[in-house]
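What you are looking at is a predicted structure, and each value in this text was computed from that prediction instead of being measured.
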Amino acid sequence: MKNDDALKLFSAERPSGQNASPAGRATQRVSKSANADVEVLWSQCLSIVRDNVSDQVFKTWFEKMRPTRWDGTHITLELPSHFFYEWIEQHYSNLLQKTVHRVLGAKAKVQFEVVVDDNAPASDQRTVKLPTMRTGIQPSLPFTEARPQTQAQVRTTHFPTYFNPRYTFENFIRGENNQLATSAGIAVADNPGRTKFNPLVIYGPTGLGKTHLVQAIGNRILQRNPNAKVLYTNSEKFTMEYINAIQTNKVPDFTSFYRGVDVLIVDDIQFLGGKEKTQDMFFHTFNALHQEGKQLILTSDKQPKDLADLDERLISRFQWGLTTDIQPPDLETRIAILQQKSMEEGMDLPGDVLEYIGRHVTSSVRELEGCLISLLAKVSLDSRELTIELAKEVVRGVSNSFGARTLTIDEIKKEVSEYYSIDVALLSAKTRKHEIVLARQMCMYLAKQLTQTSLKSIGLHFGGRDHTTVLHSCQQILNYIDTDKKIRQDVDVLKKRLRG
């Protein structure tokens with residue numbers, strides 16, 4: 001529950017003759033056997049939490065936490081994944097911390113651990129300790145403080161923002177595919193114009209959440225500073241408004257309006273290509289805002305340097321700040337997205353249905369949402385039973401990727417070895433020859449991009465290398481893509497062959 005005032009913390013009656021608080025009694029028990037009491041203490045916490053969240057939220061998130069230790073100061077909870085930790089911290093940190101304070105005392109803190117390799121035998125499992133949960137205190141407002149305004153003045157000076165209130169960081173699912181873009185977006189939202197991420201350029205194929213992310217930035221800025229002038233537009237609208245300004249002799253008004261914003265967010269800048277006059281206007285607008293320390297946020301379907309018919313001056317300026325991509329989500333992220341969207345619709349999807357859709361709808365988040373909407377429509381409007389067979393029917397009717405060939409790592413190795421004219425066996429050898437290393441790195445990168453295979457499994461296909469080697473190889477290819485035109489072409493050609 002996000003409203004702290006609504007927290008329904010209970011007041012337990014003390015038994016006759018006892019003056020100790022629940023926290024005091026808990027501390028006394030710790031001196032005898034800390035771990036023996038952690039289940040009881042956590043059960044008391046869950047009783048409070050259950051009164052403050054829906055049954056669905058309780059089952060999805062809180063029932064899956066497992067208490068492991070209580071040392072008198074920290075209660076340690078084991079979580080199934082790092083994503084799980086981020087979601088709890090972002091949405092329920094205040095509720096959880098207040099609950100723990102009530103049961104365990106004002107100085108008690110929550111510590112999380114995540115199980116590494118949950119499929120391994122219990123004796124081989126490892127846990128990763130995560131930072132102590134933050135308290136949720138927000139830093140100061142990013143802009144210079146505005147003078148107080150009356151309600152009448154606020155209405156008079158209303159600035160058009162064009163944001164969808166549903167697009168927030170709270171309902172944007174973070175995954176490995178968008179980790180850097182999301183982190184940069186939060187940094188910019190918390191301190192617009194005052195980070196090195198100016199401009200922030202986010203690129204990637206359509207339907208992966210770029211618009212959601214940049215609008216989440218805008219919504220967060222306005223939430224923190226309602227007087228900020230934050231404008232969201234797209235290149236097509238910018239062009240049409242500029243043409244209209246020319247036709248009506250209002251170019252000075254157009255210029256004044258766009259240069260008067262604090263944050264300018266422009267979607268789909270690739271459509272500026274070939275529009276010389278509009279590019280020239282945008283160039284001068286960009287310069288004026290950047291020089292005044294205003295924040296610029298742009299999205300595109302490609303890296304700026306790969307955009308066609310775009311002025312080199314603009315491309316150079318787009319590269320001043322941070323350019324980061326959003327990739328298609330991996331299986332775990334796709335399932336998390338489906339779970340989040342279904343919860344928003346008040347529907348509890350069975351695990352096998354979530355996994356089936358997640359495995360077979362891989363091209364975009366938009367397509368995932370389309371499948372989910374169709375599924376929920378058949379259940380609610382056609383009174384169909386929510387089964388795996390219904391999920392298969394919906395996927396066949398909606399997904400463009402259904403029926404596509406399922407790639408194996410062996411097929412990737414074969415294709416890459418033929419492309420580079422090397423023996424496929426060398427890809428698993430210990431040789432350090434540059435051409436072999438490059439081909440192996442290319443295989444690992446393509447395996448991560450085009451299959452749902454884990455990093456550990458990918459490494460096993462190349463002579464038993466570990467997951468850190470796979471991560472390094474993927475990063476190397478990404479670096480080559482940014483700097484080496486030949487390898488960038490190799491990646492495109494190999495992807496087309498493998499997908500074909």
Side-chain angles (χ1 to χ4, degrees), residues 81-83 114-121 123-128 175-180 204-205 325-335 355 358-360 362-363 401 404-500:
S81 69
H82 194 278
F83 162 75
V114 169
V115 177
V116 178
D117 196 6
D118 193 34
N119 294 322
S123 59
D124 295 335
Q125 289 179 4
R126 295 182 294 111
T127 58
V128 174
E176 189 178 335
N177 63 306
N178 58 31
Q179 188 73 31
L180 178 57
D325 68 334
I326 293 182
Q327 295 285 341
D330 57 24
L331 175 61
E332 291 79 9
T333 305
R334 293 197 297 273
I335 292 175
E355 183 171 351
R359 284 192 179 279
H360 291 86
T362 60
S363 61
S401 57
R405 183 165 64 99
T406 301
L407 281 172
T408 66
I409 294 180
D410 286 340
E411 288 174 322
I412 293 174
K413 291 169 69 174
K414 182 174 181 294
E415 190 68 53
V416 171
S417 63
E418 290 178 356
Y419 183 81
Y420 287 112
S421 300
I422 63 173
D423 188 340
V424 69
L426 291 175
L427 295 173
S428 300
K430 294 183 178 181
T431 176
R432 292 181 174 270
K433 289 185 178 179
H434 174 72
E435 61 271 21
I436 306 299
V437 171
L438 174 61
R440 184 188 303 123
Q441 290 174 340
M442 181 68 74
C443 285
M444 292 181 176
Y445 171 80
L446 292 171
K448 181 175 179 294
Q449 291 287 311
L450 303 179
T451 74
Q452 279 83 48
T453 310
S454 68
L455 297 177
K456 181 178 180 180
S457 295
I458 292 174
L460 292 175
H461 281 78
F462 295 89
R465 289 170 168 84
D466 63 25
H467 73 283
T468 58
T469 301
V470 179
L471 279 175
H472 173 73
S473 298
C474 294
Q475 188 57 53
Q476 284 293 98
I477 296 299
L478 286 172
N479 293 339
Y480 284 137
I481 289 173
D482 287 338
T483 58
D484 192 313
K485 184 177 180 180
K486 171 63 169 60
I487 291 183
R488 190 159 63 246
Q489 291 174 342
D490 290 348
V491 170
D492 290 339
V493 170
L494 284 166
K495 280 185 175 181
K496 287 178 181 178
R497 288 187 180 181
L498 290 165
R499 284 171 173 162

Nearest atoms (heavy-atom pairs only) where Thr431 meets Val437 | O-CG2, 4.0 Å
Separation of Arg497 CZ from Glu418 CD (nearest 0.5 Å) = 8.5 Å
Rounded to the nearest 0.5 Å, what separation is found between the CD1 atom of Ile458 and the NE2 atom of His467?
-> 12.0 Å
Between OH of Tyr419 and SG of Cys443, what distance do you get to the nearest 0.5 Å?
-> 12.5 Å
Note: Ala439 and Val416 closest approach over all heavy atoms is O-CG1, 3.6 Å
With Gln441 as reference, evaluate Ile436, Ile477, Thr469 under the side-chain contact (heavy atoms from CB on, under 4.5 Å) test and give the passing residue.
-> Ile477
Test side chain to side chain contact (heavy atoms under 4.5 Å, CB included) applied to Arg440 and Met444, step by step = CA-CA 6 Å; Arg440 184 188 303 123; Met444 292 181 176; 4.0 Å; yes
Any side-chain heavy atom of Ile409 within less than 4.5 Å of one from Phe462?
-> yes
May I ask you to check whether Thr408 and Asp410 show a side-chain donor-acceptor distance below 3.5 Å?
-> no
Output, in order, the C-alpha distance, side-chain angles, deciding distance and verdict of side chain to side chain contact (heavy atoms under 4.5 Å, CB included) for Cys474 and Val470.
-> CA-CA 6 Å; Cys474 294; Val470 179; 4.2 Å; yes
Separation between CZ (Arg465) and NE2 (His472), nearest 0.5 Å, reads 11.5 Å
Under 4.5 Å between any side-chain heavy atoms of Leu438 and Ile487, yes or no?
-> yes
pair Ile481-Tyr445: side-chain heavy atoms closer than 4.5 Å | yes
Would you say the side chains of Asp490 and Tyr480 form a donor-acceptor pair under 3.5 Å?
-> no
Within the distance-only criterion (no hydrogens, no angle test), does the side chain of Ser428 pair as donor or acceptor with the backbone N or O of Ala425 below 3.5 angstrom?
-> no
Side chain to side chain contact (heavy atoms under 4.5 Å, CB included) between Met442 and Leu446, worked out = CA-CA 6 Å; Met442 181 68 74; Leu446 292 171; 3.9 Å; yes
Could you walk me through whether Arg359 and Leu331 pass the side chain to side chain contact (heavy atoms under 4.5 Å, CB included) check?
-> CA-CA 6 Å; Arg359 284 192 179 279; Leu331 175 61; 3.5 Å; yes
Would you give the length of the straight line joining atom CD of Gln179 to atom CD1 of Ile326, rounded to the nearest 0.5 angstrom?
-> 11.5 Å
To the nearest 0.5 Å, atom CD of Gln327 lies from atom CD of Gln449 at 4.5 Å
Are any non-hydrogen side-chain atoms of Leu427 and Ile422 less than 4.5 angstrom apart?
-> yes
